[in-house]
Amino acid sequence: EIIGQNLRLLNTSTDEVTHETRIKDTLKKGHLKYETTYHHNDGSELDVEVQSQVLKSGDRTMILNIERDITERNQIEEALRESEQNFRLSLDDSPLGIIIYKDLGQAVYANQAALGIFGYPDLEAMQQGDFYRHHTPENLEKIRNRWAKIKRKEFVSEQSEYTIIS
């Protein structure tokens, strides 16, 4: 159906950047990579990643476009974003104090319940606070042993209970 047709007919997206602008950018830079949406004649949409490269042959200058269907990838990325948002909302709304650490004492996430337990207004204050002052010597020993096991890639129980000094 598209043989002999202008390829601009495929791209009916509402991109701010025009076809002519992309040609000029490709010629100027020598290459260009962008995403756009094509529309099938049945009305369905196709997300496409386009890689353009300038080719020269004698006195002729051409642009080679390699186009890849990324519709499924975009759908998966959107589903992942939604799943992460749902997970974060579940953590945020939990009545249990939940803290996620990058390394010993380096919190990267704390829900409101955890912040309340430790007496911090927000994660930044917790990150700047003294991690060790909230734990008994027995807790610190358990915590250090747990992190040592994690670093050795040994099994670590999912749950831990500690006495907190507030």
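The side-chain heavy atoms of Leu46 and Ser44, taken from C-beta on, include no pair separated by under 4.5 Å. Side-chain contact check for Gln127 versus Gln106: every heavy-atom pair is 4.5 Å or farther apart. Looking only at side-chain heavy atoms (C-beta outward), Leu91 and Ile100 come within less than 4.5 Å of each other. For the pair Ile63/Leu27, a side-chain contact is recorded, criterion being any heavy-atom separation below 4.5 Å from C-beta on. Taking 4.5 Å as the limit, every side-chain heavy atom of Val48 sits out of range of all side-chain heavy atoms of Asp69. Trp147 places none of its side-chain heavy atoms less than 4.5 Å from the side chain of Val156. With contacts defined as side-chain heavy-atom distances shorter than 4.5 Å, the pair Lys24/Lys28 does not qualify.
Between the CZ atom of Arg68 and the CD atom of Glu35 there is a distance of 8.5 Å, given to the nearest 0.5 Å. A distance of 4.5 Å separates NE2 in His39 from CD in Glu45, rounded to the nearest 0.5 Å. The line from CD1 of Ile117 to CG of Leu115 is 9.5 Å long, rounded to the nearest 0.5 Å. Rounding to the nearest 0.5 Å places CD of Glu72 at 11.5 Å from CG of Asp47. A distance of 3.5 Å separates CD1 in Ile23 from NE2 in His19, rounded to the nearest 0.5 Å. Rounded to the nearest 0.5 angstrom, Asp25 CG and Glu20 CD are separated by 11.5 Å.
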Please test Glu49 against Lys33 for side-chain contact (heavy atoms from CB on, under 4.5 Å), starting from the C-alpha separation and ending with a verdict.
CA-CA 7 Å; Glu49 177 187 78; Lys33 183 177 179 180; 3.2 Å; yes

Run Lys142 and Glu138 through salt bridge (Lys or Arg N to Asp or Glu O under 4.0 Å) and show every step you take.
CA-CA 6 Å; Lys142 282 172 44 177; Glu138 297 81 23; over 6 Å; no

Residue pair Arg81, Glu78: steps toward the salt bridge (Lys or Arg N to Asp or Glu O under 4.0 Å) verdict:
CA-CA 5 Å; Arg81 278 190 292 277; Glu78 179 60 27; 3.0 Å; yes

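Counting heavy-atom neighbours within 6.0 Å of Gln112 CD, excluding the residue itself, gives a total of 12 or less. The environment of CZ in Arg60 is sparse: at most 12 heavy-atom neighbours from other residues, nucleotides or ligands sit within 6.0 Å. Surrounding CG of Leu80 are more than 12 heavy atoms belonging to other residues, nucleotides or ligands, all under 6.0 Å away. Within a 6.0 Å sphere centred on CZ of Arg73, heavy atoms belonging to other residues, nucleotides or ligands number more than 12.
Hydrophobic clustering, with ILVMFWY side chains joined whenever heavy atoms are under 4.5 angstrom apart, keeps Val54 apart from Leu64. Clustering ILVMFWY residues whenever any of their side-chain heavy atoms sit less than 4.5 angstrom apart, transitively, puts Met126 in a cluster other than the one holding Tyr109. With hydrophobic clusters built from ILVMFWY side chains whose heavy atoms lie under 4.5 angstrom apart, Ile76 does not share a cluster with Ile70. Linking Ile, Leu, Val, Met, Phe, Trp and Tyr residues whenever their side-chain heavy atoms come within less than 4.5 Å places Leu140 and Tyr101 in a single cluster. Taken together through direct or relayed side-chain contacts under 4.5 Å among Ile, Leu, Val, Met, Phe, Trp and Tyr, Ile165 and Tyr120 form parts of separate hydrophobic clusters.
Side chains of Asp92 and Asn111: a donor-acceptor N/O pair is absent below 3.5 angstrom, by distance only. Between Tyr38 and Glu67, the side chains place a donor N or O and an acceptor N or O closer than 3.5 Å (distance only, hydrogens not considered).
Smallest separation of non-hydrogen atoms from Met62 and Ser57: CE-CB, 3.7 Å. In terms of heavy atoms, Ala113 sits closest to Pro95 at CB-O, 3.5 Å.
Judged by distance alone, the side chain of Ser90 and the main-chain N or O of Asn86 form a donor-acceptor pair under 3.5 Å. At distances below 3.5 Å, at least one donor-acceptor pair connects side-chain atoms of Thr26 with backbone N or O atoms of Arg22.
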